[in-house]
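None of the values given here were measured: they were computed from a predicted structure.
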Amino acid sequence: MTASSHWSYRRGLHDLGSGNWAWLQPDGGWGWSNSGLIVDGDQSLLVDTLFDATLTAEMLGAMADATGLSGDDIGTVVNTHANGDHTHGNGLCRHAEIIASDASAREMAEVDAAMLHTMMTAAPGLGPTGRYLLDIFGDFDFANVAERAPTKTFSGELGLTVGDKRVSLIEVGPAHTAGDVLVHLPDDRIVYTGDILFIDGTPIMWAGPVGNWIAACDRILAMDVEAIVPGHGPIADKADVRKVQEYLRFIDREARRRFDAGLSVRDAAHDIALGDYASWIDAERIAVNVDTLYREYRGDRSAPDIVGLFSLMAELRR
């Protein structure tokens, strides 16, 4: 269990007080993301949707039971980044303005649910890599999604109001992905971090640079907040943020040593001893992290070999 004390880690809706909510999905592994809801009067903002339409509809139903606001009543959706486990239910909020960073909107257009559905359809014939994909993504229905593209984008920071609540959208990417955004409620002392934070789970760095992600953690640590809602895992406190930051520094240090020694990505991923981090779920994500760091060290801006990386993660998971 995380260092956070007074919020339990159970599936479902958690009341953070003052019209703020978190939706949690243990165990926080691949695809099991969190969401949030901000309500003041008849105005509302949803922080992220979920990996498929069924999961998102269940969440919106629970939120309606608690607040009286259905998906059709949600005024604004903010996508903290482009990954499908935070966006594939956008279309169930049919009348909402969908806000994302410019970089996230571009990334959403490049990787859609149809690609995931095609990959999962092929998975049974892909040997160990296919078995790994079925293990991590087999619970989700990529044929039943409700995609909807952002209707408003921004870069840098954007201030919003939900009723009388001040909400600040702060772009801290590229880090986990190309356009990560924090959703900060300064008066209510809450921040929804998207996948800048994985708590008790291994962070995965698709974009980098690692320094941006470390700086994003510093940004959270500088906030006067009581509740920190991560993209995956239990509600956190600042001690948890420091653990994520320490992991990022650790992999940067260990990957750099092996890069300088001439090891391949595969050999480095096998060679790094994770120590205390080995107990975090999805530890095989070290493969993606090393690959992203190696490309950063080389100044290589090319896209990662996604299929190759999932194959390497499958190898490390065994």
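- Listed for the Thr292 side chain is no donor-acceptor partner under 3.5 Å among the backbone atoms of Asn289.
- Listed by first and then second residue, the ring pair (Phe, Tyr, Trp, His ring centres under 6.0 Å) pairs that reach into residues 148-172 come to none, sequence neighbours excluded.
- Placement of Leu312 and Leu134 within a single hydrophobic cluster is found when ILVMFWY residues are connected by side-chain heavy-atom separations under 4.5 Å, directly or transitively.
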**Request:** Just do the side-chain hydrogen bond (donor to acceptor under 3.5 Å, both in side chains) check on Ser70 and Asp73 with the steps written out, would you?
**Result:** CA-CA 5 Å; Ser70 71; Asp73 297 320; 3.1 Å; yes

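- Scanning for salt bridge (charged side-chain N to carboxylate O under 4.0 Å, His left out) contacts around Asp52 gives an empty result, with sequence neighbours left out.
- Residues Thr76 and Lys152 are not in side-chain contact: their nearest non-hydrogen atoms beyond the backbone lie 4.5 Å or more apart.
- In this structure the side chain of Leu116 reaches within 4.5 angstrom of the side chain of His88, judged on heavy atoms.
- Val181 places none of its side-chain heavy atoms less than 4.5 Å from the side chain of Ile99.
- Atoms CG and CG, from Leu69 and Asp42 in turn, are 8.0 Å apart once rounded to the nearest 0.5 Å.
- Checked for salt-bridge contact, Glu254 and Arg258 meet the test: a charged N lies under 4.0 Å from a carboxylate O.
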Show me the donor-acceptor pairs within less than 3.5 Å that the side chains of residues 205-218 make with the rest of the protein, sequence neighbours left out.
residue, atom, partner, partner atom, Å
Asn212, ND2, Pro174, O, 3.0
Trp213, NE1, Ile196, O, 2.8
Asp218, OD1, Gln245, NE2, 2.9

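- A continuous path of ILVMFWY side-chain contacts below 4.5 Å connects Ile38 to Trp7, so both sit in one hydrophobic cluster.
- Asp300 pairs by the salt bridge (charged side-chain N to carboxylate O under 4.0 Å, His left out) definition with Arg298, not counting sequence neighbours.
- The cluster map of Ile, Leu, Val, Met, Phe, Trp and Tyr, joined by side-chain heavy atoms under 4.5 Å apart, puts Met313 and Met120 in the same cluster.
- We find the CG-CG distance between Asp27 and Asp200 to be 10.0 Å, quoted to the nearest 0.5 Å.
- Between Met223 and the choices Ile190, Leu182, Ile228, the side-chain contact (heavy atoms from CB on, under 4.5 Å) rule is met once, by Leu182.
- Under the 4.5 Å side-chain heavy-atom criterion for grouping Ile, Leu, Val, Met, Phe, Trp and Tyr, Phe250 is connected to Val265 within one hydrophobic cluster.
- Looking at Arg317 and Ile136, their side chains come closer than 4.5 Å, going by heavy atoms from C-beta outward.
- No side-chain heavy atom of His270 sits under 4.5 Å from any side-chain heavy atom of Asp267.
- When every heavy atom of Ala113 is checked against every heavy atom of Val145, the shortest pair comes out as CB-CG2, 3.6 Å.
- Pairs passing the ring pair (Phe, Tyr, Trp, His ring centres under 6.0 Å) check and including a residue from residues 225-245, sequence neighbours excluded, read His86-His232, Phe198-His232.
- Contact annotation: the side chain of Gln25 approaches that of Ser33 to within less than 4.5 Å [non-hydrogen atoms, C-beta and beyond].
- Ile281 and Val244 are assigned to two separate hydrophobic clusters, defined by single-linkage of ILVMFWY side chains at heavy-atom distances under 4.5 Å.
- Qualifying salt bridge (charged side-chain N to carboxylate O under 4.0 Å, His left out) partners for Asp188, counting only residues two or more places apart in sequence or in other chains: Lys165.
- Sorted by first then second residue, the ring pair (Phe, Tyr, Trp, His ring centres under 6.0 Å) pairs that include residues 97-116, not counting sequence neighbours, number zero.
- Annotation: side chain to side chain donor-acceptor pair (under 3.5 Å) contacts involving residues 153-162, sequence neighbours excluded, comprise Asp102-Thr153, Glu157-Arg219.
- Thr202 and Asp282 share no side-chain donor-acceptor pair at under 3.5 Å.
- Atom CH2 of Trp32 sits about 10.0 Å away from atom CZ of Phe51, to the nearest 0.5 Å.
- Separation of atoms CG (Leu55) and CH2 (Trp23) is listed at 9.0 Å; rounding is to 0.5 Å.
- Sorted by first and then second residue, the pairs that involve residues 284-309 and meet ring pair (Phe, Tyr, Trp, His ring centres under 6.0 Å), not counting sequence neighbours, are Phe259-Tyr294, Phe259-Tyr297.
- Asp305 pairs by the side chain to side chain contact (heavy atoms under 4.5 Å, CB included) definition with Val307, not counting sequence neighbours.
- Residue pairs that meet the side chain to side chain donor-acceptor pair (under 3.5 Å) test with at least one member in residues 119-132, sequence neighbours left out, are Trp30-Tyr132, Thr129-Ser311, Tyr132-Glu284.
- At a threshold of 4.5 Å between non-hydrogen side-chain atoms, the residues Thr80 and Thr193 do not count as touching.
- Every residue meeting the salt bridge (charged side-chain N to carboxylate O under 4.0 Å, His left out) condition with Asp187, not counting sequence neighbours, appears here in chain and number order: Arg166.
- Side-chain contact of Thr177 with Asp180: a donor-acceptor pair under 3.5 Å is present, judged by distance alone.
- Between Arg256 and Asp252 there is no salt bridge, since no side-chain N of the basic residue sits under 4.0 Å from a carboxylate O of the acidic one.
- No side-chain heavy atom of Leu126 sits less than 4.5 Å from a side-chain heavy atom of Phe310.
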